[in-house]
> 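Provided herewith is a single structure, encoded as structure tokens, for subsequent inquiry.
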Amino acid sequence: MPDWGTEIRLRVEGLKLEPAREAEIVEELSQHLNDRYEELLAGGASAEQAYRSVMEELDSRRLAAELQPRLRPAPRPVVLGQDEPGKPLAGLWRDLCYGARLLRLNPGFALVAILSLALGIGANTAIFQLLDAVRLRTLPVRDPQELANIPVVYHPNGRTGSFSSSNPQLTNAVWERLRDQQQAFLSIGAWSAQRLNLSQGGEARYANALWVSGNFFETLGVRPVLGRLLSPADDHPGCGSSGVVISDSFWQREFGGGASVLGQKIALEGHPFEVVGVTPASFFGVEVGNNFDVALPICAEPTVAGERQSALRNPQGWWLAAIGRLRPGWTMERASAHLAAISPGIFEATAPAEYDPTDRKNYLGFKLGALPAASGLSELRREYESPLWLLMGISGLVLLIACANLANLMVARATARQREMAVRLALGASPGRLVRQLLAESLLLAVVGALCGAGLAQALSRLLVSFLSAQNSHLFIDLTPDWRVLGFTAGLAILTCLLFGLTPAIQGARTSPGEAMKATGRATTAGRGHFAVRRGLVVSQIALSLVLLVGALLFVRTLRNLVTLDAGFQREHILINDIDLSPLRLPAATRVAYKQELLARTRTIPGVISAASVRVVPVSGNGWNDNISIPGTTVQRKIADFNRVSPGYFRTVGTPLLAGRDFDDRDTAASPRVAIVTEKFVNKFLAGTNPIGRTFGVVQQGGKVDRIYQIVGLVRDTKYNDLREEFMPIVFVAEAQDDSPDLEAQFMIRSDAPLTEIIPAVKRTMAEMDPAMVLNFSVFDTVIRAGLLRERLMATLSGFFGFLAAILAMIGLYGVISYTVVRRRNEIGIRMALGADRSNIVGMIMREAGALLGIGLALGTGLALIAGGAASTLLFGLRASDPWTLMLAATSLAAVAAGASFLPAQRASTLDPMQALREE
Amino acid sequence: MTYIAPKVFDRELKKGSAELLILSLLEHRPRHGYEISKLIAARSQGVLRFNVASFYPLLYRLEQRGLMEGRWVEKAGQRRRRYYRLTAQGRKMLKEQRSIWRDFVNAMNQITGAEHA
């Protein structure tokens, strides 16, 4: 019988049909030819005749031609897991779809993965967004990279004088000389930020004011959206209540954005100013974190502050900062060299006449310099830049731990899919192609996680800003995501994808097909290599979370140290009342008596336990110091902090009087000057001897010693500038003996009633005296808390991250130990069958967990000690290597870890040995 | 008038009628390819005959158009064979083609047979 199949196959193979279809056709047609051949033979034809006849009917060319249009050729075969030749990226979409399908089939895994990535990426993006806004973003003005800030860059012994505003870099005299003599800048402007009261009488309402020189706006290249901006013509000596420019937000808030604002008057500290223009919405000033409301010319400062208090007129008044736009072709270095060259002339011409020779010599050595100011100036940046970088590191570690957790899950999945990988490898897939397929799944997770994280970051960064906004000063930070933030998030997505996806992918693709196919289901999952990776990941998670826990504990204990610190005064139940008496225009001679009367009336308010007047509220950021000399000793020209208080101050703030007496009615302007000093003063200047009755003098400008004070009392040490500082020597002098009383008063009122209930009564009492005075209330405890914002931020966030890290690490440990139990089921069954009791089994599993924990903790301790250095400047009352903190963190982590491993161990011990062995 | 050579006329006639012949043979029961071709040759007493090279592509076309469907059937002691049977669509098509054919033959008969009447 002829081989019809071969004949037909030869004729149709050119059609490149799908193999299965071709086989069917060959089979069907061979049968036909066979039947025909047999029929011919039966009809009497010879074999040869029959063969020739059948072959004629087959008519080879015709068969192919007739079949061609009827049948679809097979698509080019692609072996699963291999690229089409010449298209290395072909099938990427298919990989992604396949990955999506797998994730849909495993919603629990997908949810955990996406959630942990979203949290990690969200936290990182939120903090980066703040860093970007505070540190990296340039000012929204024309060519910001040309801008330079011009401070005194060289002042080896510090500067002397009075300092106000957030950037007290220059005095007005220095500014004017600088403006007139410099040649490095095309244009140069000066500014100073200050809060000015908008209300006339009653409780104060503040606007963020910007004193600006005439060419400030021109230097920055800002254009008005309405009216005009200030120009050099507005800034001339004696300009009085001139025109002011308002910001867009102030315009919207106070005037509803109406065009009729031009020409309207606004009252600043009781002085009317006419609005001449509005700045664009994007312009917030030059200080990141503060949005200005009103800009007024520097020349109007004496009008607002009063001639006597004016910083403009004070040759020692440091209150301005300068910003300049470099001339084309000039660099910062060249400008700095130029400024250094003109500095001697400027400081020679502006040296205050009151300086003694030491101060003068120091002053003449100052040098100005140019610093890049493209991203503006910022107190916020100085205060928060390093905490933010640190938080960035912390949240980065959390993300790393989350990635380790995910990698762990992915390795487990890869192990479970080993047979699938083996089949694909056996079918001819290249390992590289399998890695790509597995990475596609990770990429999908990372991208979805990053998208959720980016959304979360928007909410988180806004939450952080509101956290940082103090009671009275709302932070203004532009948080619109820019290319840097988007790039950062995208980068994180790719990085995390590689971090958690690459190892499992490589592991998966490294499967040996032969072994995997041969092995039975369970034995396959017991790959030692995979398990070593998982254990390594858990060890690194424990180590990293120990670092984070140590950090969290350090910051929490820092905050606790500051909150519970004995500052020498009590913080609770004290209301601070700032009183501006300037609208009353009291003559100097009556001011002290007027304030005493106000205080006396305040003390009669029901609920008030005690009240006192104070010049400097402790740790409020204000200060006053002077040099003192003690006759007949080596204590000459030594610096001490000063405060001026009324009788009853120590009782009000709860500072114990240790010896002598408090101020009282005996101390008047006519009586000898008296002072109360702190223990530190006695120890530092009087060698610890009894201070009562001793005298000291205050060194005045020019080196003359006058104002001799007799010490009448000794009080406990109290903090002055800052809770973090060491106790300083402090001198308290009597309010009644003030030679030059000003038109401001500050009362501290202790009450056992809720402070918010006292405020209306205080307002009433003050209004009864004179309704024109301006009041501002704050709570002492709140003021102190506001000063601890940075510590609170670090404690809260690092605590949160530490907690999160510990949870993630424990999930990882739990997973690995549970897996150990499954892997060793048979072994455990055999052990139990041979007589091991339950406690042996629990002990065995716990020892394995203990080994992982031990290695993790040892590594983590080393890392924590290394990383601690970065946090040391932010700590208070403990060192970064504090052994108790380390021990506490390690113990709590060990305790939680023991709990996480005990559950699977317990499960292992309740295993039925018969069942476990039967499954083998 | 278009001149059609006798050979071409024969081919076109076969092609046009082939579908009808195959569908008709499947009307009452499924049959395999060889059986169909044998029946055509037998019932036309050898006038109509298809060779393999054109017959099977025609079957596949009818199958592709959904007029009939082929299925492998195994019977004890025999090799498996592919049997074709009419689909509902095929049945409808058969009805239509049969009626057209009748009309055509009647018309042809009336013209070609009138000379002899």
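Just so it is clear, the values below take in all heavy atoms, side chains as well, and ignore hydrogens, waters and symmetry mates. Order of the sequence lines sets the chain letters (A, B, ...), proteins ahead of strands, with each chain counted from 1. What you are looking at is a predicted structure, and each value in this text was computed from that prediction instead of being measured.
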> Could you tell me the separation between the CZ atom of B:F55 and the CG atom of A:L63, rounded to the nearest 0.5 Å?
13.0 Å
> Got a sec, which residues hit ring pair (Phe, Tyr, Trp, His ring centres under 6.0 Å) with B:Y84, two or more places apart in sequence or on another chain?
none
> Is the A:H32 ring parallel, tilted or perpendicular to the B:Y56 ring (thresholds 30°, 60°)?
perpendicular
> For the residue pair B:V52 and A:L33, what are the closest heavy atoms and their distance?
CG2-CD2, 3.5 Å
> Provide the closest heavy-atom pair for A:N34 versus B:R79 in the form atom of the first, atom of the second, distance.
ND2-NH2, 3.5 Å
> So which bits of residues 86-95 of chain B come within less than 4.5 Å of chain A, counting non-hydrogen atoms only?
none
> Mind checking what makes salt bridge (Lys or Arg N to Asp or Glu O under 4.0 Å) contact with B:R81, not counting sequence neighbours?
A:D35
> Would you confirm whether A:E24, through its side chain, and B:R82, through its main-chain N or O, come within 3.5 Å as a donor-acceptor pair?
no
> Tell me the closest heavy-atom pair linking B:A53 and A:L58, and the distance in Å.
CB-O, 3.2 Å
> Please tell me if the side chains of B:R61 and A:E66 come closer than 4.5 Å, counting only heavy atoms from C-beta onward.
no
> Spell out the residues in residues 28-40 of chain B that have some non-hydrogen atom less than 4.5 Å away from a non-hydrogen atom of chain A, in order of number; otherwise answer 'none'.
B:G33, B:Y34, B:S37, B:K38
> Tell me, do A:R21 and B:Y60 make a side-chain contact under 4.5 Å, heavy atoms counted?
yes
